Amino acid sequence: MAIADDLKKTLTDPTPLYFAAGTADLAVQQAKKVPALIEQLRAEAPARIEAVKNTDPKAVQEAVTAKVTGVLGSIDPKKLGETAQDLALRGVGVAAEYAVRAKETYDKVAEHGEQTVRAWRGEVAEEIVDIAGAVEPEPVREPAQEPAPAGASAQAPASAESADGEKPAAKKPAARRTAAKKATAEVGEGA
């Protein structure tokens with residue numbers, strides 16, 4: 001059943017969707033920077049093109065030749081095997097480091113995506129209201145009003161608010177239902 005549990009967890013995990021939402025939001029943020037970059041490139045392009053035109057090809061060739069000769073001259077065939085092994089071990093270490101960084105980045109982007117999705121849904125505002133409700137003390141409620149006479153019409157809906165904006169306390173809903181059933185029965189008998 002471990003495979004079924006893993007599959008269920010994978011299919012119900014919203015993290016990849018949050019990652020996609022975070023990636024899309026970050027892409028939009030970066031796309032907003034493109035016009036400024038284009039203007040910067042447009043301003044710098046003539047100077048760079050002029051620098052390339054004025055470069056002497058023979059000077060570039062000599063610089064590259066000197067660099068290659070220096071690198072090839074420093075290679076010792078005896079130490080080449082040790083260097084290759086050392087580079088391979090370093091490569092494994094670098095790969096592991098990149099894997100850790102990739103996971104951290106994935107988690108950060110997914111968290112950003114979750115916040116973005118909440119903002120799209122308006123859940124951030126709901127959380128702020130919930131926090132404010134937890135911080136503010138509850139207002140003092142007045143005692144419940146006396147029940148209406150038996151011949152009066154049905155009670156106001158439970159979602160009705162009083163003049164001060166507070167919802168009335170819900171007390172004894174079973175008693176209200178019973179009273180309503182009796183009133184309907186009496187009307188039915190009298191007809």
Side-chain angles (χ1 to χ4, degrees), residues 1-49 52 88-145 147-148 153-181 184:
M1 295 307 283
I3 294 174
D5 291 341
D6 287 345
L7 186 59
K8 182 178 179 182
K9 182 181 176 185
T10 301
L11 294 176
T12 58
D13 184 19
T15 306
L17 298 175
Y18 288 145
F19 177 78
T23 302
D25 187 54
L26 291 173
V28 168
Q29 290 176 6
Q30 293 300 320
K32 291 178 181 178
K33 297 177 183 178
V34 169
L37 291 174
I38 290 174
E39 286 300 319
Q40 181 183 0
L41 288 174
R42 186 178 292 163
E44 294 176 1
R48 290 184 181 198
I49 291 172
V52 170
L89 290 174
R90 285 184 188 176
V92 170
V94 168
E97 182 180 344
Y98 283 147
V100 169
R101 286 185 184 176
K103 175 65 174 150
E104 290 173 355
T105 303
Y106 176 82
D107 290 341
K108 286 179 183 177
V109 173
E111 184 177 328
H112 178 79
E114 183 176 1
Q115 295 300 323
T116 302
V117 169
R118 285 184 176 186
W120 291 343
R121 291 181 177 170
E123 291 179 9
V124 174
E126 291 174 6
E127 285 182 5
I128 292 171
V129 170
D130 291 343
I131 292 170
V135 172
E136 292 180 6
E138 287 192 28
V140 178
R141 296 182 184 247
E142 296 180 15
Q145 297 177 352
S153 63
Q155 295 281 339
S159 64
E161 294 183 358
S162 62
D164 60 353
E166 292 183 11
K167 292 187 178 181
K171 292 190 176 186
K172 301 181 183 177
R176 280 193 225 147
R177 282 190 227 122
T178 308
K181 286 181 183 177
T184 354

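These numbers come from the heavy atoms of this one structure, side chains and all, not from hydrogens, waters or symmetry mates. Treat the numbers as computed from the prediction; the structure is a model and nothing was measured.
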Check: Considering only heavy atoms from C-beta outward, does the side chain of Phe19 approach that of Pro14 to under 4.5 Å?
Finding: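 They are not in contact (no side-chain heavy atoms under 4.5 Å apart), so the answer is no.
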Notebook entry, point to check: Can you tell if the side chain of Tyr18 reaches within under 4.5 Å of the side chain of Thr116, non-hydrogen atoms only?
Noted result: no
Notebook entry, point to check: Would you say the side chains of Glu111 and Gln115 form a donor-acceptor pair under 3.5 Å?
Noted result: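 There is no such pair between these side chains.
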Checklist line | Sidechain N-carboxylate O distance under 4.0 Å for Glu104, Lys108 | finding: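 No.
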Note to self: So which atom in Ala31 and which in Pro35 form the shortest heavy-atom distance, rounded to 0.1 Å?
What the structure shows: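 The answer is O-CD, 3.7 Å.
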Item checked: Distance (rounded to the nearest 0.5 Å) between Arg48 CZ and Leu41 CG ->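 Nearest 0.5 Å value for the CZ-CG distance: 7.0 Å.
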